[in-house]
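Convention: sequence-line order gives letters A, B, ...; per-chain numbering from 1.
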Amino acid sequence: MSQPAAKKIQAIRGMNDLLPGDSPRWQFFEGKVRQLMARYGFDEIRTPIVEQTALFARSIGEVTDIVEKEMYTFEDRNGDSLTLRPEGTASCVRAAMEHGLLHNQTQRLWYQGPMFRHERPQKGRYRQFHQVGVETYGFEGPDVDAEVILLSARLWQELGLTQHVTLELNSLGSAEARAAYRETLVDYFEQHREILDEDSLRRLSSNPLRILDSKNPAMAEMLENAPRLMDHLDQESREHFEQLKTMLDAAGIHYVINPRLVRGLDYYCRTVFEWTTQALGSQGTVCAGGRYDGLVEQLGGKPTPAVGFAMGIERLILLLDTLQLVPEEALGGCDVYLLPMDEAATLTALTLAEQLRSQLPELRLQLHCGGGSFKSRMKKADKSGATIALLIGEDERQTDAVTLKFLREEREQQRHPQAALPERLQDLIA
RNA sequence: GUGGAUGUAGCUCAGUGGUAGAGCCCCGGAUUGUGGCUCCGGUGGUCGUGGGUUCGAUCCCCAUCAUCCACCCCA
């Protein structure tokens with residue numbers, strides 16, 4: 001029985017397939033990250049992508065856009081409210097607390113994986129996107145702030161991005177100072193309510209600090225006279241910030257102080273920073289983080305200082321791509337394409353391929369499969385990206401030999417006894 | 001969530017109110033055992049989807065889905 005044409009099923013909006021052509025870039029980037037984390041003494045942590053909804057509501061802030069309208073929240077079969085994680089910090093804190101990692105000890109952790117936010121997709125902004133994040137717990141001083149910033153700076157160095165990113169820096173003060181300033185600011189804005197535009201009125205309850213960033217000329221004068229965050233920093237935060245700047249100066253890291261830099265998530269305090277680029281249009285923030293000393297306590301743990309950041313992998317890959325910074329050799333492919341020239345040579349080729357793979361574990365060898373004319377076999381050898389083709393036909397089979405042909409250079413082809421191949425290939429590939 | 005642009009072959013794109021084309025890719029041949037260059041031939045399309053107007057719609061209208069850009073927000 002013929003069925004009516006099934007409705008075409010496609011990927012969920014804003015959720016992308018990573019195709020074979022893309023994955024080498026990701027592996028290149030992920031490899032750099034993995035190496036770097038080890039060099040800085042950070043350990044990887046992996047947590048589930050689903051958590052109880054309350055975890056995010058409590059940590060990110062009830063009135064943030066993320067919690068109010070961007071979370072993938074659904075009911076489990078038993079009625080619990082679950083949420084696909086919109087960011088990594090909350091899960092990290094939860095896991096660390098749950099397993100006693102914060103009990104009288106410090107931690108330097110990193111994670112990597114998919115996050116989910118129901119936003120309108122755009123270039124560099126997707127509903128399922130991927131972050132690499134760093135979390136430190138138990139370090140109070142500005143040295144660890146500097147450490148995580150230096151780590152990120154070194155990653156740009158490794159990737160060749162240093163010239164294309166800018167570090168913006170600010171301090172929000174202690175949680176108390178920030179909260180107090182926020183109140184002062186809201187009071188001030190309330191007094192000038194008639195000047196506020198629609199956007200700002202909305203931000204008044206969600207993110208009043210953002211109002212300072214408004215470009216509306218009608219509000220410029222009023223904003224000019226608004227109370228300043230820097231004047232409301234507590235003494236300790238002020239010193240913390242100064243010390244951090246001294247450390248970054250000493251390490252030769254350039255930064256721009258941006259007093260309007262405000263992280264959207266409620267849990268941030270004191271140091272906040274952002275790495276931005278001009279090369280990606282309006283989605284220019286490539287890495288952002290800061291200090292969240294109050295978060296562990298807020299989630300029911302003991303007061304624990306914490307610093308971290310998250311970076312958007314899609315945005316970084318996009319950046320690497322537009323700047324053509326992924327090296328050719330990172331783009332995959334294989335070294336050798338082994339092809340039987342006719343059907344009769346299939347078995348010989350297959351067993352030889354397996355032998356070579358046993359003898360040369362580093363060798364990337366693709367065996368021709370699928371038959372076809374000799375011409376098409378050669379075409380596939382070319383397409384495979386291999387530098388060397390190994391051919392086995394009637395002549396070779398009768399003498400236990402193999403023809404070795406160079407695909408990427410003008411060089412006479414050779415014929416070798418099969419037994420001599422491992423040594424020969426070893427030389428050529430190395 | 002708001003505003004705008006765009007959906008035609010696997011990819012990049014032309015095109016017309018009378019049921020479609022190029023380049024690349026793929027396959028075959030010129031070249032019985034030598035890919036990349038050249039030449040010749042071939043496969044491949046419910047013109048995003050669903051309605052409407054019309055004798056007739058890929059084209060006009062409406063809706064819907066998706067992508068892109070900006071806003072918002074964020075990594």
Side-chain angles (χ1 to χ4, degrees), chain A residues 4-5 7-16 19 21 60 64-70 86-89 112 114-133 152 197-200 202-203 206-207 210 213-216 261-265 273-277 280-289 308-319 337 339-342 344-345 368 370-397 403-410 412-413 415:
Chain A
K7 202 170 192 174
K8 193 164 44 175
I9 295 180
Q10 39 185 331
I12 305 300
R13 178 175 207 191
M15 306 205 181
N16 299 307
L19 300 177
I60 296 170
T64 57
D65 276 12
I66 293 179
V67 171
E68 274 187 339
K69 49 194 192 204
E70 294 178 0
E87 55 102 45
T89 295
Q112 185 242 50
M115 309 293 164
F116 303 83
R117 290 182 202 170
H118 193 104
E119 298 179 274
R120 185 96 165 239
Q122 209 176 311
K123 195 184 208 71
R125 188 174 73 182
Y126 307 103
R127 289 186 173 179
Q128 176 178 334
F129 61 105
H130 297 76
Q131 289 185 329
V132 169
S152 58
D197 58 21
E198 200 181 333
D199 263 355
S200 301
R202 187 173 45 73
R203 285 164 170 158
S206 63
N207 199 347
R210 267 268 187 246
D213 211 6
S214 170
K215 295 141 209 144
N216 188 340
L261 178 58
V262 182
R263 312 269 60 248
L265 283 51
F273 66 91
E274 217 170 83
W275 289 94
T276 59
T277 177
L280 290 183
S282 64
Q283 251 60 50
T285 300
V286 120
C287 171
F309 66 70
M311 50 202 192
I313 303 185
E314 279 84 356
R315 289 181 187 181
L316 282 163
I317 301 270
L318 220 48
L319 189 55
Y337 194 90
L339 66 96
M341 295 168 81
D342 51 37
H368 176 85
S373 66
F374 178 57
K375 183 192 178 79
S376 76
R377 293 177 195 222
M378 281 303 292
K379 275 194 166 180
K380 288 191 174 133
D382 189 38
K383 278 278 154 55
S384 75
T387 51
I388 289 171
L390 294 178
L391 318 184
I392 299 178
E394 186 60 28
D395 297 353
E396 287 83 354
R397 231 155 3 104
T403 295
L404 189 157
K405 181 182 170 69
F406 299 94
L407 295 171
R408 312 289 163 211
E409 51 186 319
E410 289 300 331
E412 190 126 7
Q413 69 182 31
R415 188 169 287 195

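Among the protein residues, Leu316(A) comes within range of no part of the nucleic acid, since none of its heavy atoms lies under 4.0 Å from any strand. Counting non-hydrogen atoms under 4.0 angstrom, Lys405(A) reaches a base of the nucleic acid. If you check every strand for non-hydrogen atoms under 4.0 Å, Gly385(A) touches nothing. If you check every strand for non-hydrogen atoms under 4.0 Å, Asp342(A) touches nothing. Residue contacts shown for Lys375(A) include a base, since a base heavy atom lies under 4.0 Å away. Within 4.0 Å (heavy atoms only), Thr64(A) reaches no atom of the nucleic acid at all. Using a 4.0 Å heavy-atom criterion, one finds that Gly124(A) contacts the bases of the nucleic acid, with or without backbone contacts as well. Across all strands, Glu394(A) comes closer than 4.0 Å to base atoms (heavy-atom distances). Among the heavy atoms of the strands, none lies under 4.0 Å from Tyr337(A). Residue Glu274(A) is out of contact with every strand shown, counting any heavy-atom pair closer than 4.0 Å. Here Glu314(A) lies out of heavy-atom contact (under 4.0 Å) with every strand. Nucleic acid contact for Arg117(A): base, since at least one base atom lies under 4.0 Å from a heavy atom of the residue. Using a 4.0 Å heavy-atom distance criterion, Ala288(A) is classed as a sugar-phosphate-only contact.
A distance of about 49 Å separates the C1' atoms of G3(B) and G36(B), rounded to the whole Å. The separation of G50(B) from C13(B), taken at their C1' atoms, amounts to 26 Å, rounded to a whole angstrom. Taking atom C1' on both nucleotides, U43(B) is separated from C27(B) by 7 Å, rounded to a whole Å. Across the C1' atoms, G7(B) and G35(B) are found 37 Å apart, a figure rounded to whole Å. Only the P atoms considered, G41(B) is 11 Å distant from A22(B), to the nearest whole Å. Nucleotides A14(B) and G52(B), compared at atom C1', are 28 Å apart to the nearest Å. Taking atom C1' on both U67(B) and U12(B), the two are 15 Å apart, rounded to the nearest angstrom. For G48(B) and C59(B), the P atoms lie 8 Å apart once the distance is rounded to whole Å.
Within a 6.0 Å sphere centred on CD of Glu409(A), heavy atoms belonging to other residues, nucleotides or ligands number more than 12. Taking a 6.0 Å sphere around CG of Leu19(A), one finds it holds more than 12 heavy atoms contributed by other residues, nucleotides or ligands.
When each of Ala310(A) and Met378(A) is assigned the nucleotide of RNA chain B with its nearest heavy atom, Met378(A) is the one assigned upstream, toward the 5' end. When the nearest nucleotides of RNA chain B are assigned to Glu396(A) and Ser376(A) by heavy-atom distance, the more 5′-ward of the two goes with Ser376(A).
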Discussion item. For Arg408(A) and Asp382(A): C-alpha separation, side-chain torsions, deciding distance, then whether salt bridge (charged side-chain N to carboxylate O under 4.0 Å, His left out) applies.
Written reply: CA-CA 9 Å; Arg408(A) 312 289 163 211; Asp382(A) 189 38; 2.8 Å; yes
Practice prompt. With side chain to side chain contact (heavy atoms under 4.5 Å, CB included) as the test, would you mind laying out the steps for Arg397(A) and Glu394(A) before giving the verdict?
Written response: CA-CA 5 Å; Arg397(A) 231 155 3 104; Glu394(A) 186 60 28; 2.6 Å; yes
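Atom NZ of Lys379(A) is separated from atom P of G28(B) by 8 Å (rounded to the nearest Å). Summarising the geometry, the separation between CZ on Phe406(A) and P on U34(B) is reported as 19 Å, rounded to the nearest angstrom. In this structure, Gln131(A) places its CD atom 9 Å from C1' of C74(B), rounding to the nearest Å. Atom CG of Asn16(A) is separated from atom P of A66(B) by 13 Å (rounded to the nearest Å). Phe374(A) has its CZ atom 13 Å from the P atom of G28(B), to the nearest Å. Distance, Arg377(A) CZ to C27(B) C1': 15 Å, rounded to whole Å. Between the CZ atom of Arg127(A) and the C1' atom of U67(B) there is a distance of 12 Å, given to the nearest Å. Spacing between atom NZ of Lys123(A) and atom P of U6(B) amounts to 18 Å, rounded to whole angstrom units.
If you check C68(B), C73(B), G28(B) against the side chain of Ser373(A), the one that comes closest is G28(B). When distances are taken from the side chain of Arg415(A) to each of G33(B), C72(B), G36(B), the shortest belongs to G33(B). With C72(B), C74(B), G35(B) as the candidates, the nucleotide lying closest to the side chain of Gln122(A) is C72(B). Relative to the side chain of Gln413(A), the nucleotides C68(B), G36(B), U34(B) differ in distance, and U34(B) lies closest. Distances were taken from every side-chain heavy atom of Arg13(A) (C-beta onward) to each of C71(B), C73(B), U67(B); the shortest belongs to U67(B).
Contact annotation: side chain of Arg125(A) to base of C73(B), donor-acceptor pair present below 3.5 Å. Looking at Arg315(A), its side chain comes within 3.5 Å of the base of C74(B) through a donor and an acceptor atom. Asp382(A) contributes no side-chain N or O that forms a donor-acceptor pair with the base of G36(B) under 3.5 Å. Side-chain atoms of Gln10(A) stay outside donor-acceptor range of the base of G48(B), with no qualifying N/O pair under 3.5 Å. For a distance-only test at 3.5 Å, the side chain of Arg120(A) qualifies as a donor-acceptor partner of the base of U2(B).
For Ser282(A) and C69(B), the shortest distance from a side-chain N or O to OP1 or OP2 is not below 4.0 Å. Put simply, Lys380(A) has no side-chain N or O that comes within less than 4.0 Å of OP1 or OP2 on G36(B). Between Thr285(A) and the phosphate of C74(B), there is no side-chain N or O to OP1/OP2 separation shorter than 4.0 Å.
Between the CG atom of Asp65(A) and the CD1 atom of Ile60(A) there is a distance of 11.5 Å, given to the nearest 0.5 Å. To the nearest 0.5 Å, atoms CD (Glu70(A)) and CD (Glu119(A)) are separated by 4.0 Å. Atom CG of Leu390(A) and atom NZ of Lys405(A) lie 12.5 Å apart (nearest 0.5 Å). With values rounded to the nearest 0.5 angstrom, Arg210(A) atom CZ is found 8.0 Å from Leu261(A) atom CG. Atoms CZ and CZ, from Arg127(A) and Arg117(A) in turn, are 13.5 Å apart once rounded to the nearest 0.5 Å. Taken from CD1 in Ile313(A) to CG in Leu319(A), the straight-line distance is 14.0 Å, to the nearest 0.5 Å.
Looking at Arg202(A) and Asp199(A), a side-chain N of the basic residue comes within less than 4.0 Å of a carboxylate O on the acidic one, giving a salt bridge.
For RNA chain B, runs of at least 3 consecutive pairs of the Watson-Crick or G-U wobble type, with both hydrogen-bonding distances under 3.5 angstrom, map to B:1-7 with B:65-71, B:10-13 with B:21-24, B:26-30 with B:38-42, B:48-52 with B:60-64.
In this structure, a donor-acceptor pair under 3.5 Å is present between the side chains of Glu274(A) and Thr285(A).
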